[in-house]
Novice: 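Questions regarding the structure given below will be posed in turn.
In listed order, ligands and their atoms are each counted from 1.
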Amino acid sequence: MNFNLTEEQQLIKQNAREFALENVEPIAAELDKTGRYPAEVIKKMAELDFMGMPYPPEYGGAGADYLSYILVVEEISRSCASTGIIYSAHCSLAAWPIFKWGSEELKQKYLVPLCKGEKLGAFALTEPGAGTDAAAGTCTAKADADSYILNGTKCFITNGGVADVYIVFALTDPAQGVKGLSAFVVDANLPGFEIGKHEDKMGIRGSQTTELVFKNCRIPQTNLIGKEGKGFGIAMQTLDGGRVGVAAQALGIAQAALDEAIKFAKERVQFGKPIATKQAIQWMLAEMETKLQAARLLTYQAAAAKDEGKIFSKEAGMAKMFASEAADWICGKAIQIHGGYGYIKNFKVERLYRDAKICTIYEGTNEVQRMVVSGSLLR
Ligand code: CAA
């Protein structure tokens, strides 16, 4: 078995690390404080071909594999988890359904500018009454001549208000329930499409999270992705890929927490010696590294399974569940090693701890991941 990254993948990881250190790390604390969207960073990521990393060059992508893209999410998130999820929601959740199920017309019109980073994407499935029970949505898309008319409200939408292109799920045939759910590409500037409430979050504060409100919003019939009634499968398969992105985001956060803990343990002197000489600290560091490496193997395995074209729902679920819980735990231990300093805002671990929590929740709570994993065992 070969667990090594290829030379190209190592180079991509290294480039992403250098980019993040130079461009993302210096502003991460400010983004957390102000909640500002880092437009200038996303522009630079586009210049480096990051925004369409796993898509073919003919659609403006970099033609890399999914694992390479996951390495970029990890390295960006190691510096700033907000920028990591802005990028991951764009690449995994918005671009993918157009690439996989969209018509050639949709690909040319939307996928190309998304991959080139000229436009930013978002994915809108969740509704106030349909979170974990994603099949319970009530947004509708009524066919009318050569259009669909959208009505309803989406919530908790990453990149809401800053995205140009939204993947929106709505019922074309409400009587059919989830089998009447369809997927659409929606332009941000259409009449009848408004951005609702902006959420004031515990972490990932540089990432915008909003409601989307559709009031008789008319979209062209040609903006249907795939076929009517196929929306739930499109959403679930897209989320499989997104969950590997969340796992990678968790890896980045956890690695940053471990880096900070090691640095602090070597510098902090108590009882006349650096606390790194104490076994209590050494054991915590050893367990942090072990959990992180296990999470990394699961995450890279899930990305590799996607690259091989396999059904990878179970691998994605395990990676997202394990990596996010490892990150939550590792960040907690990093704070513990910092003692009182870890609880203070100008120490990075305080932000990392808040940022890590969301990875156990979004793109399917970890309880949903347990349903997915056990479902695949019991089928
Ligand atoms: N790939 C393809 N098809 C899939 C699938 C997958 N991964 N998962 C399910 N399906 C299909 C099933 O095969 C089934 O098809 P048939 O009816 O033809 O047999 C159909 O979908 C229904 O499947 P289930 O019966 O398993 O569905 P369920 O209603 O019991 O729900 C669930 C399962 C796992 C709980 C699912 O609802 C789920 O994942 N919920 C969480 C949703 C989620 O992750 N939401 C976050 C969205 S992120 C967002 O909107 C905001 C943002 O900015 C990112």
Side-chain angles (χ1 to χ4, degrees), residues 73 81-82 84-97 100-101 120-137 139 152-163 165-170 176-184 186 195-199 201 204 207-212 226-227 229-247 249 302 305-306 309-321 324 358-379:
V73 177
S82 296
I85 196 62
I86 292 167
Y87 175 48
S88 175
H90 165 90
C91 220
S92 303
L93 297 183
W96 178 257
K100 177 83 180 164
W101 297 279
L120 187 75
F123 175 91
L125 175 67
T126 305
E127 297 182 17
T132 290
D133 186 4
C139 272
T153 299
K154 297 287 175 182
C155 66
F156 297 153
I157 305 307
T158 303
N159 294 341
V162 286
V165 174
Y166 294 77
I167 308 299
V168 177
F169 295 85
Q176 295 286 320
V178 74
K179 294 206 182 306
L181 191 70
S182 305
F184 300 92
V186 180
I195 302 300
K197 185 170 56 145
H198 286 248
E199 302 298 346
K201 305 189 298 296
I204 55 160
S207 145
Q208 311 305 305
T209 307
T210 73
E211 275 182 345
L212 311 180
K227 295 204 171 92
K230 297 292 177 194
F232 196 70
I234 292 175
M236 290 299 118
Q237 286 185 51
T238 302
L239 280 164
D240 286 342
R243 289 165 185 170
V244 190
V246 174
Q249 184 196 22
K306 179 166 165 61
K310 293 179 179 161
I311 293 174
F312 64 104
S313 312
K314 183 180 90 171
E315 285 76 9
M318 292 192 301
K320 194 269 195 197
M321 179 211 310
S324 61
I358 190 61
C359 300
T360 69
I361 297 171
Y362 60 14
E363 297 193 33
T365 62
N366 281 6
E367 290 66 37
V368 163
Q369 308 314 318
R370 284 169 168 83
M371 288 166 73
V372 170
V373 174
S374 60
S376 83
L377 295 176
L378 298 170
R379 230 191 319 270

Novice: Any idea which part of R243 is under 4.0 Å from ligand 1, heavy-atom wise: side chain, backbone, both or neither?
Specialist: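 Near ligand 1, R243 shows its side chain, while the N, CA, C and O stay back.
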
Novice: Please state which protein non-hydrogen atom is closest to atom 48 (S) of ligand 1 and give its distance, to 0.1 Å?
Specialist: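 I find the closest protein heavy atom is T126 OG1, 4.0 Å.
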
Novice: What heavy-atom pair brings P97 and I234 nearest, and what distance separates the two atoms?
Specialist: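 Minimum heavy-atom separation between P97 and I234: CB-CG2, 4.0 Å.
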
Novice: Counting only heavy atoms closer than 4.0 Å, does ligand 1 sit against the backbone of T158, its side chain, both, or neither?
Specialist: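 Both of them.
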
Novice: Determine if the distance from atom 52 (C) of ligand 1 to the closest protein heavy atom is below 4.0 Å.
Specialist: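 Yes.
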
Novice: Identify, for atom 24 (P) of ligand 1, the protein heavy atom at the shortest distance, and state residue, atom and that distance.
Specialist: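 Checked against all protein heavy atoms, atom 24 (P) of ligand 1 sits closest to F232 CE2, 4.6 Å.
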
Novice: Roughly how far, to the nearest 0.5 Å, is OG1 of T209 from CD of E199?
Specialist: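 So the CD of E199 and the OG1 of T209 are separated by 7.0 Å.
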
Novice: Under 4.0 Å, heavy-atom basis, I'd like to know which part of Y362 is in contact with ligand 1: side chain, backbone, both or neither.
Specialist: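 Contact part for Y362 vs ligand 1: neither.
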
Novice: S313 near ligand 1, heavy-atom distance under 4.0 Å?
Specialist: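 Contact check S313 vs ligand 1: positive.
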
Novice: Considering all protein heavy atoms, does one lie under 4.0 Å from atom 19 (O) of ligand 1?
Specialist: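 Given the 4.0 Å cut-off, atom 19 (O) of ligand 1 does not count as touching protein heavy atoms.
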
Novice: Can you list the atoms of ligand 1 that are under 4.0 Å from a heavy atom of G364?
Specialist: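 Taking each heavy atom of G364 in turn, ligand 1 has 43 (C), 44 (O), 46 (C) under 4.0 Å.
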
Novice: If you have a sec, work out which protein heavy atom is nearest atom 1 (N) of ligand 1 and how many Å separate them, to one decimal?
Specialist: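 It is Q237 CG, 3.2 Å.
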
Novice: Ring centroid separation for F232 and F169, is it under 6.0 angstrom?
Specialist: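 Ring centroids of F232 and F169 are no less than 6.0 Å from each other.
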
Novice: Where the side chain of E363 meets the backbone of L239, is there a donor-acceptor pair that is under 3.5 Å apart?
Specialist: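 No; zero donor-acceptor contacts below 3.5 Å.
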
Novice: Look up atom 32 (C) of ligand 1 and tell me if a protein heavy atom lies less than 4.0 Å from it?
Specialist: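 Given the 4.0 Å cut-off, atom 32 (C) of ligand 1 does not count as touching protein heavy atoms.
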
Novice: Starting from atom 16 (P) of ligand 1, what is the nearest protein heavy atom, named by residue and atom, and what distance separates them?
Specialist: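 Among all protein heavy atoms, the one nearest atom 16 (P) of ligand 1 is K179 NZ, 3.7 Å.
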
Novice: Using a 4.0 Å cutoff against the non-hydrogen atoms of M371, which atoms of ligand 1 qualify?
Specialist: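 In order of numbering, the contacting atoms are 35 (C).
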
Novice: Considering only the protein, which heavy-atom contact is closest to atom 3 (N) of ligand 1, and what is its distance?
Specialist: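 Heavy-atom neighbour on the protein nearest atom 3 (N) of ligand 1: G233 CA, 4.2 Å.
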
Novice: Taking G121's backbone N and O only, do any of them form a donor-acceptor pair with H90's side chain (distance below 3.5 Å, no angle check)?
Specialist: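 Side chain of H90 to backbone of G121: a pair is present.
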
Novice: Only heavy atoms of A134, strictly under 4.0 Å: list the atoms of ligand 1 that pass.
Specialist: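 Going through ligand 1 atom by atom, the ones under 4.0 Å from A134 are 37 (O), 42 (C).
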
Novice: Check the surroundings of atom NZ in K201: do more than 12 heavy atoms from other residues, nucleotides or ligands lie under 6.0 Å from it?
Specialist: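 Buried by this count: over 12 neighbours within 6.0 Å.
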
Novice: Specify side chain, backbone, both or neither for K154, according to which of its non-hydrogen atoms lie closer than 4.0 Å to ligand 1.
Specialist: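 None of K154 does.
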
Novice: Measure the distance from atom 41 (C) of ligand 1 to every protein heavy atom, then report the residue, atom name and distance (to 0.1 Å) of the closest one.
Specialist: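 Sorting protein heavy atoms by distance from atom 41 (C) of ligand 1 puts T132 O, 3.5 Å first.
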
Novice: Side chain or backbone, does V368 bring an N or O within less than 3.5 Å of an N or O on ligand 1?
Specialist: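 Checking ligand 1 against V368, no N or O pair falls under 3.5 Å apart.
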
Novice: Establish whether atom 26 (O) of ligand 1 and some protein heavy atom are separated by less than 4.0 angstrom.
Specialist: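 Protein heavy atom within 4.0 Å of atom 26 (O) of ligand 1: absent.
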
Novice: Among side-chain atoms of D240 and S313, is any donor-acceptor pair under 3.5 angstrom?
Specialist: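 Note: D240 and S313 side chains meet the donor-acceptor criterion.
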
Novice: Roughly how far apart are Y362 OH and I85 CD1, rounded to 0.5 Å?
Specialist: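 If we round to the nearest 0.5 Å, Y362:OH and I85:CD1 are 3.0 Å apart.
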
Novice: Suppose we measure from atom 54 (C) of ligand 1 to each protein heavy atom; which comes out shortest, and what is that distance?
Specialist: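 For this ligand atom, the closest protein heavy atom is L93 CD1, 3.5 Å.
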
Novice: Counting only N and O atoms by type, is there a donor-acceptor contact under 3.5 Å from the side chain of S324 to the main-chain atoms of M321?
Specialist: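 Yes, the answer is positive, given that a donor and an acceptor are paired below the 3.5 Å cut-off.
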
Novice: Measuring only between side-chain heavy atoms, which start at C-beta, is V368 closer than 4.5 Å to R243?
Specialist: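 V368 reaches R243 side chain to side chain.
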
Novice: For atom 9 (C) of ligand 1, what is the closest protein heavy atom, and at what distance to 0.1 Å?
Specialist: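 Looking at atom 9 (C) of ligand 1, the protein heavy atom closest to it is M236 CG, 3.7 Å.
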
Novice: Can you tell me how far the CG atom of N159 sits from the CD1 atom of I86, to the nearest 0.5 Å?
Specialist: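 That separation rounds to 6.0 Å.
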
Novice: Determine whether a donor-acceptor pair (N or O, by modelled atom type, separation under 3.5 Å) exists between the side chain of E127 and the backbone of C139.
Specialist: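 Judged by distance alone, yes, a pair lies under 3.5 Å.
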
Novice: Just by modelled atom types, is the C359 backbone N or O under 3.5 Å from a matching donor or acceptor in the K320 side chain?
Specialist: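 Here the side-chain-to-backbone pair exists.
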
Novice: Pull out every atom of ligand 1 sitting under 4.0 Å from any heavy atom of E363, numbered as shown with elements.
Specialist: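 Near E363, meaning under 4.0 Å from one of its heavy atoms, ligand 1 has 44 (O), 46 (C).
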
Novice: Does the protein place a non-hydrogen atom closer than 4.0 angstrom to atom 46 (C) of ligand 1?
Specialist: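 True for atom 46 (C) of ligand 1.
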
Novice: Which atoms of ligand 1 sit under 4.0 Å from any heavy atom of F156?
Specialist: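 Once the distances to F156 are compared, the set is 51 (C), 52 (C), 53 (O).
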
Novice: As an exercise, state the distance from OG1 of T238 to CH2 of W101, rounded to the nearest 0.5 Å.
Specialist: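 Rounded to the nearest 0.5 Å, the OG1-CH2 separation comes to 4.0 Å.
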
